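Here the structure comes first, spelled out in structure tokens, and everything after it is commentary.
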Amino acid sequence: MGVKLKDIVNEQPIDLKDLSGKVVCIDALNTLYQFIARIRQPDGSPLRDHKGRMTSHLSGLFYRTINLLEEKIKPVYVFDGKPPMLKEKEIVRRKEIRKGAEEKWKEALRRGDLEEARKYAQAAGQITDKMIEQTKKLLNFMGIPYIVALEEGEAQAAYIVRKGDAWAAASQDFDSLVFGSPILIRNLTISGKRKLPGRKEYIQVKPSVIHLSDVLRENQITRRELVLVAVLIGTDFNKGIKGVGPKTAIKLIKKYEGDIFEIYKAKNTNPPENLEEIIDLFMDPKVKKEYQMKWKQPKEEEIVSFLCDEHDFSYKRVKKASKRLIETYNSLFAVTGLEKWL
DNA sequence: CAGGGTCA
DNA sequence: TGACCCTGG
């Protein structure tokens, strides 16, 4: 679920045009989750191919990536590596939540309650290693670079942005800010419209941007204190204090002058066992310092054979989108032959 | 979520 | 054009 910082960050709407020309480091897993949650039939069933393999994520990734490129945004996907040991508990917890949601989905279907069914289907979605492999395969065919993190993808993205190789990290989660990314983009979508679950209403969803420096300045905290805020409210690596959200966490940190042990003492709870380790994990995460970011010529034949032959996508749609992809690639990245004269 | 058709 | 609705796999 990530660190819930929403109440203390100032999220500014941004136009896709403002991202033109910029490299954006996209949290791959987070994006895939959005796709498998949203790209579904009214009864909650995802898109599948003839072998029953889920394809919602491929559809979302394919079309969105092309749209981003057409906006001259240069996407780099970042995948998680090996999860840190500290995350084990959280991984088990999430698995159980999904199992429960799957039961409720089936139950709602039996009752014929489509709205409920869809809601639980979204929560039941899980991403398998096979799906990750398919995603990487598609990215390769599309010529879109991806980086596999040593551990957390969000940490790797933060590092890449900090180094100046990308302008921002993109994710719905706030963790990359805690990992020190100077800029976070949320809602990096094209359509801008989202149906409200259940109701027949639509809300406008615009991409937005959060600057870490603003978060720190507006709340008068240091980055280390932001990490402490995260720990107090709960992260993927520890449980938060009950009833403490980001605002309270900041107040507590001010009141006790950053002495986190005093805060736990005052709240009559024990600090997490691996407190120092968790703080270090955010302040100085393990990341790959060497990585490649190169956009390559898309391979149309491979794309078509992969999406259409293997996964039953429509030839007409895929070919049309591939054409757009190749044209965009040519205008954005292709070597023109001119530069050797410069 | 995104593509694509329809209709004013 | 843009609001609306259905389908995609």
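Chain letters run A, B, ... following the sequence lines, proteins first, then strands; residues in each count from 1. Hydrogens, waters and symmetry mates play no part in the numbers below; they use all other heavy atoms, side chains included. It should be emphasised that the depicted structure is a prediction, and the values quoted were computed from it without experimental measurement.
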Does S56(A) use its side chain to pair, donor to acceptor, with the backbone of P46(A) at less than 3.5 Å? no
Taking DNA chain C as the partner, which of residues 310-326 of chain A come within under 4.0 angstrom of it by heavy atom? H311(A), D312(A), F313(A), S314(A), R317(A)
I need the full list of salt bridge (charged side-chain N to carboxylate O under 4.0 Å, His left out) pairs touching residues 324-333 of chain A, with sequence neighbours left out, sorted by first then second residue. E70(A)-R324(A)
Measure across V78(A) and A149(A) and return the closest heavy-atom pair with its distance rounded to 0.1 Å. CG1-CB, 4.5 Å
Return the set of residues passing ring pair (Phe, Tyr, Trp, His ring centres under 6.0 Å) with F306(A) (not counting sequence neighbours), or none when no residue passes. F141(A), H311(A)
Rounded to the nearest angstrom, tell me the gap between atom CZ in R38(A) and atom P in dG3(B). 16 Å
Qualifying residue, where the test is ring-ring contact (aromatic ring centres under 6.0 Å, His included) with F179(A) and the options are F174(A), F282(A), Y159(A): F282(A)
Near DNA chain C, which residues from residues 17-25 of chain A have a heavy atom under 4.0 Å away? none
Just to verify, what does Y329(A) make a ring pair (Phe, Tyr, Trp, His ring centres under 6.0 Å) with, not counting sequence neighbours? F333(A)
Please list, in numerical order, the residues of residues 56-70 of chain A that have a heavy atom closer than 4.0 Å to any atom of DNA chain B. Y63(A), R64(A), N67(A)
Tell me whether E262(A) is salt-bridged to K265(A), with the criterion being a basic N under 4.0 Å from an acidic carboxylate O. yes
Please check if the side chain of D113(A) supplies one atom and the backbone of E116(A) the other of a donor-acceptor pair under 3.5 Å. yes
Touch check for P46(A), heavy atoms < 4.0 angstrom, all strands: base, sugar-phosphate only, or nothing? base
Linked hydrophobic residues, M85(A) as query - side chain contacts closer than 4.5 Å: none
Atom CZ of F35(A) and atom P of dG9(C): how far apart are they, to the nearest Å? 15 Å
Spacing between I190(A) atom CD1 and dC1(B) atom P, to the nearest angstrom: 11 Å
If you take any heavy atom closer than 4.0 Å to DNA chain B, which residues from residues 125-134 of chain A end up in contact? none
Is there any ring pair (Phe, Tyr, Trp, His ring centres under 6.0 Å) pair reaching into residues 49-81 of chain A, and which pairs are they, with sequence neighbours excluded? F79(A)-Y146(A)
Could you tell me how far apart L32(A) (CG) and dC1(B) (P) are, to the nearest whole angstrom? 15 Å
Is there a residue in residues 48-55 of chain A whose heavy atoms reach under 4.0 Å of DNA chain C, and which residues are they? R48(A), T55(A)
Is there a donor-acceptor contact under 3.5 Å from the side chain of D175(A) to the main chain of G2(A)? no
Can you sort out the partners of W167(A) under ring pair (Phe, Tyr, Trp, His ring centres under 6.0 Å), two or more places apart, ordered by chain and number? none
Tell me whether R53(A) contacts the main-chain N or O of R48(A) through its side chain, where contact means a donor paired with an acceptor under 3.5 Å. no
Summary of salt bridge (charged side-chain N to carboxylate O under 4.0 Å, His left out) pairs that have at least one residue in residues 8-22 of chain A, sequence neighbours excluded: K6(A)-E11(A), E11(A)-R186(A), D15(A)-K206(A)
In whole angstrom, give the distance that lies between atom CG of L307(A) and atom P of dA2(B). 16 Å
Has W295(A) got a side-chain atom pairing as donor or acceptor with P75(A)'s backbone, closer than 3.5 angstrom? yes
Rounded interatomic separation in angstrom, taking CD from Q41(A) and P from dC1(B): 16 Å
Distance, rounded to the nearest Å, where R118(A) contributes CZ and dT7(C) contributes C1': 12 Å
Would you kindly say whether D173(A) and S171(A) are connected by a side-chain donor-acceptor distance under 3.5 Å? no
